[in-house]
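Everything below concerns the one structure shown next.
Chain letters run A, B, ... following the sequence lines, proteins first, then strands; residues in each count from 1. What you see is a predicted model; the values in this text were computed from it and never measured.
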Number of protein chains: 2
Amino acid sequence: MRADAQRNRDRIVEVARALFRVKGFEAVSMDEVAKAAEVGPGTLYRHFPTKESLYDAVLEAWAEKVNAAVSQALTLDAPARERLLSWLTDYASMLTEHKGAAARITAALGDPGSPFAAKCQTYLGANQRVIEALDSALRPGVDAMQISRLVGGVAVVVDSSELPSDAAASMLAVVADGLIAS
Amino acid sequence: MRADAQRNRDRIVEVARALFRVKGFEAVSMDEVAKAAEVGPGTLYRHFPTKESLYDAVLEAWAEKVNAAVSQALTLDAPARERLLSWLTDYASMLTEHKGAAARITAALGDPGSPFAAKCQTYLGANQRVIEALDSALRPGVDAMQISRLVGGVAVVVDSSELPSDAAASMLAVVADGLIAS
DNA sequence: TTGCAAAACGGAGAGTGTCTCCGTATAGTT
DNA sequence: AACTATACGGAGACACTCTCCGTTTTGCAA
């Protein structure tokens, strides 16, 4: 890749990140991103063939953050419920960091063709670590996909209604209590 | 209202209902509805100023269905958990009857200006009946809005990923167990 | 340093969707 | 039958995603 192309690509991602974070994916047009990045529309689409692939690039590398959150939750000296809740809270928090991301990523669960497939896999792997660590403390039949769907559902609602964190916390508490074996 | 206008309005709603149900709100254009109903675009917009208001007309009267589902759940001769789960299952089922409705109605919770405000109020009222009937069997602090958000979150995921009913059922079981006092 | 070729560029325009507005047609009443 | 208010259809405005082609620029070899 030429130096000018790399510069343009980086600039596009940086500009799009700022716009998407504040206004959300839907409310920002590709033309708006192109103008703000001072590139032509053709340039923007050459680097990112669809709006969705731009969004994937904008959302930062997740693997490190996800693994750090899981490790932190699992090293807590606390009952299984508290460790699970710590992970679910971080998970939902990451999903709601950018307006609209929760719905997109959650809808991509189970779809290998989605630009977000790698991110979904990261989450499923993290859930699997939690399941293995908490083992018989969890209700029978819990799997990684189910956790992602439950947390994703909560995050979508929190995001679309712009709920405060105490509302999110009480919803996640219900989910955690449902997942813990009775 | 003139007879021809009433006929056109009914026809538009009928045609839109069929299209939205199968393909979902986003995938059907207003032009497609107009053509299928054999009216001009101006006529369609005169009857329904926005696509959203057409959708609201399409979704059938909910009050009867909602109240019937709550009454059925509350007359079950069963433990509180089973009665709650019966209501949550019907609630989610109604939300997922039309593709895309779950996200719209759930996002409208708490927004009095939304075309779906009346539908949200119906659900909140129903939840309140359930809370009052089940009373101390529920965890402390549960309110009608929280139930709607939790069930709405599940329904959004079920709808957007087109999950089978057993996947929905196991998610709702987690939510119900979380809502029941431990 | 110069020349060349491949990579990268910008932006006009195609295609699609929501919505508006104005000349024309029709229903309902007298 | 005449008249008027209501209702109509569809061309076009506006906005968005995306494509394609003539022009420019970068990077490498001589």
Rounded off to whole Å, could you give me the [atom1]-to-[atom2] distance for the [X] and [N] pair?
| X | N | atom1 | atom2 | answer |
| --- | --- | --- | --- | --- |
| B/Q6 | C/dG28 | CD | C1' | 16 Å |
| B/R46 | C/dC22 | CZ | C1' | 11 Å |
| B/F25 | C/dG17 | CZ | C1' | 12 Å |
| A/R7 | C/dC9 | CZ | P | 10 Å |
| A/K51 | D/dT19 | NZ | C1' | 18 Å |
| B/E26 | C/dT18 | CD | C1' | 12 Å |
| B/F48 | C/dT18 | CZ | P | 15 Å |
| A/E32 | D/dA15 | CD | C1' | 12 Å |

**Study point:** Distance (rounded to the nearest 0.5 Å) between B/L150 CG and B/M171 CE
**Key:**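 If I round to the nearest 0.5 Å, the distance is 11.0 Å.
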Point to revise | Lys/Arg N to Asp/Glu carboxylate O, A/K51 vs A/E26, below 4.0 Å | key: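 Salt bridge absent between A/K51 and A/E26.
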Exercise for review: Using a strict cut-off of less than 4.0 Å between a Lys/Arg side-chain nitrogen and an Asp/Glu carboxylate oxygen, indicate whether B/E162 and B/K99 qualify as a salt bridge.
Suggested key: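 Here B/E162 pairs with B/K99 in a salt bridge, since their nearest N and O are under 4.0 Å apart.
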Review point. Side-chain donor or acceptor of A/R2 under 3.5 Å from a matching atom on the base of C/dA7?
Key: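 It does, because a donor-acceptor pair links the side chain of A/R2 to the base of C/dA7 below 3.5 Å.
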Please tell me if [X] has a side-chain N or O lying less than 4.0 Å from either OP1 or OP2 of [N].
| X | N | value |
| --- | --- | --- |
| B/N8 | D/dA7 | no |
| A/H47 | C/dA8 | no |
| A/T43 | C/dG10 | yes |

Review point. Do you know the tightest heavy-atom contact between B/V174 and A/R139?
Key: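 Looks like CA-NH1, 3.7 Å.
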**Study point:** Heavy-atom closest pair, residues B/V175 and B/L88
**Key:**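 The pair with the smallest heavy-atom distance is CG1-CD1, 4.2 Å.
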Checking contacts here: which listed nucleotide ([options]) is nearest the side-chain heavy atoms of [X]?
| X | options | result |
| --- | --- | --- |
| A/M1 | C/dT18, C/dA8, D/dT17 | C/dA8 |
| B/D4 | D/dG27, C/dC19, D/dA7 | D/dA7 |
| A/M30 | D/dT17, C/dG17, D/dG10 | D/dT17 |

Exercise for review: Could you check A/D31 against A/E38 and say which one's nearest nucleotide on DNA chain C is further toward the 5' end?
Suggested key: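 Its nearest nucleotide being more 5', the pick is A/E38.
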Review point. Which part of the nucleic acid, if any, lies within reach of A/A3 when heavy atoms closer than 4.0 Å are counted: base, sugar-phosphate only, or nothing?
Key: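 Sugar-phosphate only.
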Exercise for review: Between B/V39 and A/E52, just flag the one whose closest nucleotide in DNA chain D comes earlier from the 5' side.
Suggested key: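 On the 5' side of the pair lies B/V39.
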